[in-house]
Structure formats: structure tokens, C-alpha cells
*Asks:* 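Dumping the structure here so I can ask a few things about it.
Residue numbering restarts at 1 for every chain, and letters A, B, ... go by the order of the sequence lines.
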Amino acid sequence: MIAPLFFYLFALMTVVSGLMVILARNPVHSVLFLILSFFNSAGLFVLLGAEFLAMLLVVVYVGAVAVLFLFVVMMLDINIDEMRQGFRQHLPLGLVVGLILIVELLMVFTQDLSTDNVLATNMSGEISNTAMIGQVLYTEYLLNFQVAGLILLVAMIGAITLTMRHREGVKRQNISEQNSRTRDETVQIVSVDSHVAPKVLDDSRAANKRLQ
Amino acid sequence: MDLLNLQPAIAEIFLALASLGLVLLSAFIMPQEYASKLVRRLTIFSFLIAIFLIIYNGYKPAYAFNGQFFTSSFMVYMKVIILLGAIGILMMAKREFKQDQIDRPELPLLMLLSVLGMMLMVSANDIILLYMGLELQSLPLYVIAAIRRESLRSSEAGLKYFLLGALSSGLLLYGASLLYGFTGHTSYDGIKIALESNVSAGAVIGMVFLISGIAFKISAAPFHMWTPDVYEGSPTIVTAFFAVVPKLAAMTLFLRFTYGVLADASDSWQQIVMIIAVLSMLVGAGGAIMQTDIKRLMAYSSIAHMGYALVGIAAASDMGIGAVMLYMAIYVISSIGVFAIILSIKQEGRPLTRIEDLSGFSRSHPVYALAMMVLMFSMAGIPPMGGFFGKWYVFSAAVASGHVILAIIGVLASVIGAFYYIRIIKVMYVDEQVIEIDHNVPRSNMMIAFGSALIMAFFLFGLSILREQITAAIPFVVFVAG
């Protein structure tokens with residue numbers, strides 16, 4: 001009884017926030033609605049028993065992709081009115097794509113949709129599918145997993161290589177230098193003649209007067 | 001059979017560990033020039049160790065990592081040539097790093113990671129690992145194409161390469177997913193067995209996408225558009241790397257995929273490969289004629305050479321495999337030699353890349369001009385030189401399989417191609433000298449240029465040994481069941 005209720009809740013929220021993504025006037029709001037729809041689809045995955053996919057959706061899409069979108073949208077100065085100008089021009093193309101999607105969806109729904117065919121089946125019946133994925137990922141597909149790590153390393157090295165610059169005149173903290181300083185080389189005792197007013201003070205007084 | 005047997009992949013594991021060690025090393029060693037020198041040397045050294053490990057492992061066919069990884073005498077042959085090519089390029093890199101202002105440890109490091117990706121790609125026995133290896137080899141290439149950040153050309157080359165490369169990876173991945181969907185397997189063995197009983201239309205479409213993706217990597221026409229711009233924009237040493245090493249790896253993949261996995265669907269892919277081969281030969285020969293920049297000329301020349309090699313694949317016979325292997329070995333050796341000479345042509349440390357700059361080269365550098373002449377004759381396919389034998393075996397394989405027209409087009413294209421190779425010789429020997437070319441050529445460039453010219457000139461004597469190696473390797477392109 002509870003499960004269908006949650007299904008309709010998540011499904012409704014997904015659809016509504018999906019609509020809001022394209023209807024919201026402010027692009028930042030659009031991205032926030034996109035994040036909401038990701039969360040709700042994650043809820044749908046949990047209902048289907050695919051908890052790993054749900055977590056992945058939250059971690060990857062919400063944690064990385066959507067935040068990236070948010071950055072891009074905030075950084076770029078996007079003029080909404082300008083973007084809407086092409087609406088009529090692109091309408092036929094959009095309609096064709098939408099039509100194809102509708103036909104495809106109809107074809108899917110006219111097929112046999114009994115639960116046996118569609119729902120993910122837990123093959124062992126005992127361990128969760130996260131554990132099952134882990135079991136093949138670290139045994140059978142160990143090499144692929146490691147190579148994926150190397151690819152990420154390359155991406156990191158590449159990004160640093162192409163963007164990091166050592167500019168002159170930038171003040172950087174050098175911790176080892178800071179720690180190795182001794183009192184003798186940094187503190188200096190200067191005897192100041194207290195009778196004569198320093199010239200600097202006079203100058204600043206004069207400047208203050210001028211400002212007044 | 002012990003499935004998680006790591007022994008056959010020991011060279012790859014070693015290179016992966018070496019790359020991680022070098023990342024740490026280059027982060028801690030401070031003056032960047034010194035770190036770059038050290039990393040370059042250690043990279044060469046680890047390639048040498050990798051060659052030793054590969055040969056030590058032997059030629060026996062063996063699986064590793066649960067059948068994801070496969071090695072045999074064919075892979076040994078190809079990997080050793082890949083590593084030798086990479087060593088040759090890195091040996092010439094010393095002066096280039098300094099003069100091109102790319103003296104940074106990341107450059108040899110990224111080359112190392114790219115070579116590791118190529119070796120995995122060559123040995124992959126599963127579409128997933130194939131894709132992983134392909135990405136690992138191409139990502140560093142995009143970065144090193146753009147490594148000279150101040151130069152607009154270099155950045156443009158990197159961006160162009162990256163965008164088109166990402167597109168081709170997408171094509172390849174789409175093809176792989178279709179192939180998986182219609183055969184139900186990701187492993188080469190499984191796909192091959194599934195295709196034996198029935199070649200469905202979906203599998204054929206997947207195959208076409210996959211072949212297009214690989215054809216992009218070897219820059220065969222009609223997927224060649226990026227090549228001239230990327231070659232011209234990148235620093236010359238990087239261009240040399242592009243022209244030699246990744247091409248060989250991608251061609252090996254092409255061989256393994258067409259002969260190994262899709263052997264039973266050869267009717268479906270043969271025509272595609274033939275069309276790609278003819279287009280590449282014609283585009284390569286025709287496009288090079290008008291070029292004035294020697295790097296662009298080499299780009300078109302490499303497109304044409306890939307076309308000739310594909311003629312061997314289109315033959316779809318054992319003879320074809322052998323011909324392609326021989327052709328690629330010759331291509332690698334002569335390309336490295338030509339680039340060693342291009343890298344030596346400088347004016348007060350500034351690289352010269354126009355063809356006219358070579359005029360009078362025979363008077364100022366008679367021995368280099370002679371080496372260049374030998375290499376150009378070889379690339380054009382003039383009889384006693386090595387290039388002739390490469391073309392000979394490729395075309396005779398095509399004729400033996402009954403593709404006479406393909407062979408005729410190939411011969412015609414190489415006649416057109418001979419024009420621009422011989423034009424370089426004419427510029428060197430006949431034209432009056434305009435530019436004073438530097439005389440101090442690094443010893444490594446000299447050795448590589450003369451070495452490759454000598455190999456090409458006296459190729460006939462080594463031919464039988466090489467043929468023996470190749471003939472032994474041919475049956476092992478395909479996996480061995482059980």
C-alpha cells in the first residue's frame with residue numbers, strides 16, 4: 001500500500017520538476033529543479049530495488065554534473081530573451097524529435113510489460129546488487145577498473161598541465177620556509193630616537209589636513 | 001586454467017607502476033628542466049625494461065585478468081615495434097624540449113601513459129578493455145598536442161583533436177554497444193562465436209560504427225580531416241610521435257578486430273575497408289601535391305600509407321595480415337627517420353618546416369640529404385628500398401584475393417605519390433640554397449636518421465628474417481580457444 005503511494009509521489013515530483021526545468025525563467029532555478037528531479041528519480045530507483053543506481057544518480061548527477069551546470073550557468077552571462085528568439089525557428093525540429101519520442105514510447109508500451117520482463121531481478125536473492133556489482137568489479141573486471149583509474153589520473157595531469165601557470169610576483173605560502181625560520185633572523189631590534197618626531201608622521205598629518 | 005594470472009601482463013603492470021612513480025618523482029624534483037630531463041630518461045629506461053619483459057614472457061598465447069587480456073606472438077611483435085618507436089621519438093626529444101619551450105616533465109610522462117594505453121588496446125580481448133585502452137591512449141595525445149599553451153596553433157590543434165577524437169570515441173562506443181546488444185557478449189571470443197552462427201543486421205551496423213571509430217584513429221579517409229591541422233599545429237616532436245606510435249597501435253587493433261573478431265562477417269566489412277583504403281590512398285596522394293609545409297605533407301603521406309596498409313586488410317587473408325604487419329614495420333622505421341631529419345633542420349634553433357627551406361640541403365649537409373633521399377625513395381616505393389617490399393606484399397595479397405582493381409588503384413596512387421616525394425629530392429639537390437641551415441645536429445637524431453636510411457636501403461637482406469617472424473605470428477592474431 002505504501003509503495004505505490006511513494007511511487008506516485010516520486011513520479012509526480014519528477015514530472016513536475018522536469019517541466020519546471022524548461023518553464024522556469026531563471027536558469028539557476030532550472031538547474032535547481034533539475035537537481036530535484038534527479039533526487040526524485042533516485043527515489044524511483046530505490047523503489048525498483050536498484051539502490052546502487054540510486055546512490056550513483058545522487059553522487060554523480062547531483063554531486064558533480066548538476067553542480068557543474070550551476071557553475072556554468074552562474075559564470076556565463078546568459079540572456080534568456082536572446083535564447084528564446086530562436087524558438088519559432090527551431091520549433092519544427094523540436095516537434096519532429098518529440099514526435100519520434102512519442103512513437104517510440106508508444107511502441108514500448110504496446111509491448112508486453114509484465115513485471116517479469118522489466119523489473120531487475122536479484123539473481124542470488126540474498127546479497128544486494130551493490131555487493132554483486134562490487135564482486136564482479138573487483139574480480140572479473142579488475143583490469144578495467146584499474147585502467148579507469150589511470151584514465152582519471154591522465155585527466156588530472158592533463159588539466160594541470162594545460163592550466164597551471166607559475167606567474168611571477170605572486171606571493172605564495174612556503175610552509176617549510178616558515179617553520180625553519182629562527183628568531184635571530186627575523187626579529188630585529190632598532191633603537192628609535194624618541195625626541196625627534198619622525199618625518200613620516202608629519203607627512204601624514206599634512207595629508208589629513210588637506211583631506212579635511 | 002588460472003584465470004587471474006598476471007604473468008602475461010607483466011610489462012603493462014610494470015609500465016603502470018612506472019608511470020605512477022614518475023608522477024611522484026616529477027612533483028618533488030624542483031627545477032622543472034631537471035625533472036623533465038630525468039623523467040625523459042627514466043621513461044626511455046622503463047620502455048626498455050618493458051621490451052625485455054615482453055620478450056622474456058615469450059610468444060606463447062596466454063590469457064590474463066579473467067580472459068580480458070590476451071597476448072601472443074602477434075602482440076609481442078606489435079608491442080615491441082610500438083615501444084621501439086616511442087623510444088626513438090623520446091631519444092630525439094632532448095633538444096626539442098628545450099628549443100620548443102616544452103621542457104616539462106609532463107610531456108614524457110603523458111607519452112608513457114599513452115603507450116601504456118596502446119599496449120592495453122593491442123592486447124584487449126574484451127570490448128570494454130578495448131575502449132578503456134583507447135581512451136587511455138588518446139587522452140594524453142590531446143593534451144600533448146596542446147602542450148605549447150602560448151601558441152594559438154598548438155591550442156587549436158589540441159582542441160580540434162579533442163573534439164573530433166571525442167566524436168570518434170562516441171561512434172566506437174555506440175558500435176560496441178550495438179555489437180554487445182546483438183551478440184550478447186563483450187568478450188572477443190563470445191562475439192566471434194555468436195557471429196559464427198548468425199550475422200544480424202544490428203551487429204553489422206555496430207561493426208560499421210566500430211570500424212569508423214578505429215578508422216578515425218588511424219586517420220584514414222574520410223575520417224582524416226583533423227590530421228593536417230593537428231600535425232601542423234603541434235610541436236614537431238609531438239607530430240613525430242603522432243605519426244608513428246598511435247597509428248601502429250590503432251592499425252593493430254584494426255587487424256585484430258577485422259581478422260580476429262569479425263572473421264566470419266568478412267563479407268560485410270571487406271567492402272567498407274576497401275572503400276576506406278581507396279579513399280585514403282587517393283586523398284593522401286592528391287592532397288599532398290599542393291602542400292608547402294613539410295609537416296602537412298607528412299600528414300597526407302601518412303593518410304596515404306594507412307590506405308596502402310588497409311589494402312592488405314581488405315584482402316582478408318593470412319597473406320594480407322603478414323603484408324600489413326610488414327608494411328607497418330617499414331612505415332614506422334622510415335617515418336622516424338624522416339622526422340629525425342625534419343627535426344634537424346633548424347635555423348639558429350628555430351625550426352624550419354617549409355619545403356623550400358630544404359633547397360640546397362645536399363650542398364650544406366650532403367650525408368643527411370643522402371639519407372633523406374633514401375627515405376623518400378623508400379616512401380615512394382622505388383624498388384631496392386624497403387618501402388617497395390611493403391607495397392609489393394600488400395598489393396600481391398590483394399591480387400591473390402582477387403581484388404585486382406584495388407591493387408591497380410593502389411599502384412596508380414603510389415605513382416601520384418611518388419611525385420611529391422621526388423619533389424623533395426629535387427628541391428634538395430637541384431634548387432639553389434636560400435637559407436643557412438644549422439650544422440650542429442644532435443647525435444641521437446643523426447643515429448636514428450642514418451640507421452633508418454640504412455635499414456631501408458638494405459632492406460632486402462633482412463627481409464627473410466622479418467618474414468619469418470611475421471609468418472610465425474600470423475595464426476595468433478585470432479584468439480586461441482580453450
*Asks:* If you take all heavy atoms of A:T163 and B:R149, which pair is closest and at what distance?
*Replies:*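 Scanning both residues completely, I find the closest heavy atoms to be C-NH1, 3.6 Å.
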
*Asks:* Of the non-hydrogen atoms in B:A146 and A:L162, which two are nearest, and what is the gap between them?
*Replies:*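 Heavy atoms only, the tightest pair is O-CD2, 3.5 Å.
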
*Asks:* Quick one: what part of B:I128 sits under 4.5 Å from any heavy atom of chain A, side chain, backbone, both or neither?
*Replies:*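 Both parts, heavy atoms under 4.5 Å.
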
*Asks:* With only heavy atoms counted, which part of B:L129 is less than 4.5 Å from chain A, the side chain, the backbone, both or neither?
*Replies:*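 For B:L129, the contact with chain A is made by backbone and side chain together.
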
*Asks:* Can you confirm whether B:L152 is buried at CG, in the sense that more than 12 heavy atoms of other residues, nucleotides or ligands lie under 6.0 Å from that atom?
*Replies:*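 No, because the 6.0 Å sphere around CG of B:L152 holds 12 heavy atoms or fewer from other groups.
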
*Asks:* So what's closer than 4.5 Å to chain A heavy atoms on B:I144: side chain, backbone, both or neither?
*Replies:*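 B:I144 has no heavy atom closer than 4.5 Å to chain A.
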
*Asks:* Please identify, among B:S155, B:P140, B:S114, B:G158, the residue contributing the most non-hydrogen atom pairs under 4.5 Å to chain A.
*Replies:*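 Option with the greatest count: B:P140.
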
*Asks:* Heavy-atom distances under 4.5 Å only: say whether B:L110 touches chain A with side chain, backbone, both or neither.
*Replies:*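 The side chain, not the backbone.
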
*Asks:* Any donor and acceptor pair, going by atom type alone, linking the side chain of B:N66 with main-chain N or O of A:Y141 inside 3.5 Å?
*Replies:*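 No.
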
*Asks:* Counting only heavy atoms not in B:F162 (residues, nucleotides, ligands), do more than 12 fall under 6.0 Å from its CZ?
*Replies:*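 Open: at most 12 neighbouring heavy atoms sit under 6.0 Å from CZ of B:F162.
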
*Asks:* Starting at CD of A:Q146, measure out to CD of B:E12 and round the result to the nearest 0.5 Å.
*Replies:*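 Between atom CD of A:Q146 and atom CD of B:E12 there are 14.0 Å.
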
*Asks:* Tell me, side chain or backbone of B:I13 under 4.5 Å from chain A's heavy atoms, or both, or neither?
*Replies:*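 No part of B:I13 comes within 4.5 Å of chain A.
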
*Asks:* How about A:E185: does its CD atom have over 12 heavy atoms from other parts shown lying under 6.0 Å from it?
*Replies:*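 Check passes, neighbour count above 12.
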
*Asks:* For B:M132 and A:V147, work out which heavy atoms get closest and say how close.
*Replies:*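 Scanning both residues completely, I find the closest heavy atoms to be CB-CG1, 3.7 Å.
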
*Asks:* To the nearest 0.5 angstrom, please state how far the CZ atom of B:F69 sits from the CG atom of A:N144.
*Replies:*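 Spacing of CZ (B:F69) from CG (A:N144) equals 12.0 Å.
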
*Asks:* More than 12 foreign heavy atoms under 6.0 Å from OH of B:Y180: is that the case here?
*Replies:*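 Atom OH in B:Y180 is not crowded, with 12 or fewer foreign heavy atoms closer than 6.0 Å.
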
*Asks:* Where does B:L107 contact chain A at under 4.5 Å (heavy atoms): side chain, backbone, both or neither?
*Replies:*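 Neither part, no heavy atoms under 4.5 Å.
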
*Asks:* Might you point out which heavy atoms bring A:L150 and B:A16 nearest each other, and give the distance in Å?
*Replies:*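 That would be CD1-CB, 4.1 Å.
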
*Asks:* Test side-chain contact (heavy atoms from CB on, under 4.5 Å) on A:I157 and B:V143; report intermediate values, then the result.
*Replies:* CA-CA 9 Å; A:I157 297 175; B:V143 178; over 6 Å; no

*Asks:* Counting only heavy atoms not in A:F10, do more than 12 fall under 6.0 Å of its CZ?
*Replies:*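 Counting neighbours around CZ of A:F10, more than 12 heavy atoms of other residues, nucleotides or ligands fall under 6.0 Å, so yes.
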
*Asks:* To the nearest 0.5 angstrom, please state how far the CG atom of B:L113 sits from the CD1 atom of A:I151.
*Replies:*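 Atom-to-atom, B:L113:CG and A:I151:CD1 are 10.5 Å apart.
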
*Asks:* Passes side-chain contact (heavy atoms from CB on, under 4.5 Å), B:D126 versus A:L143? Steps please.
*Replies:* CA-CA 11 Å; B:D126 190 290; A:L143 183 58; over 6 Å; no

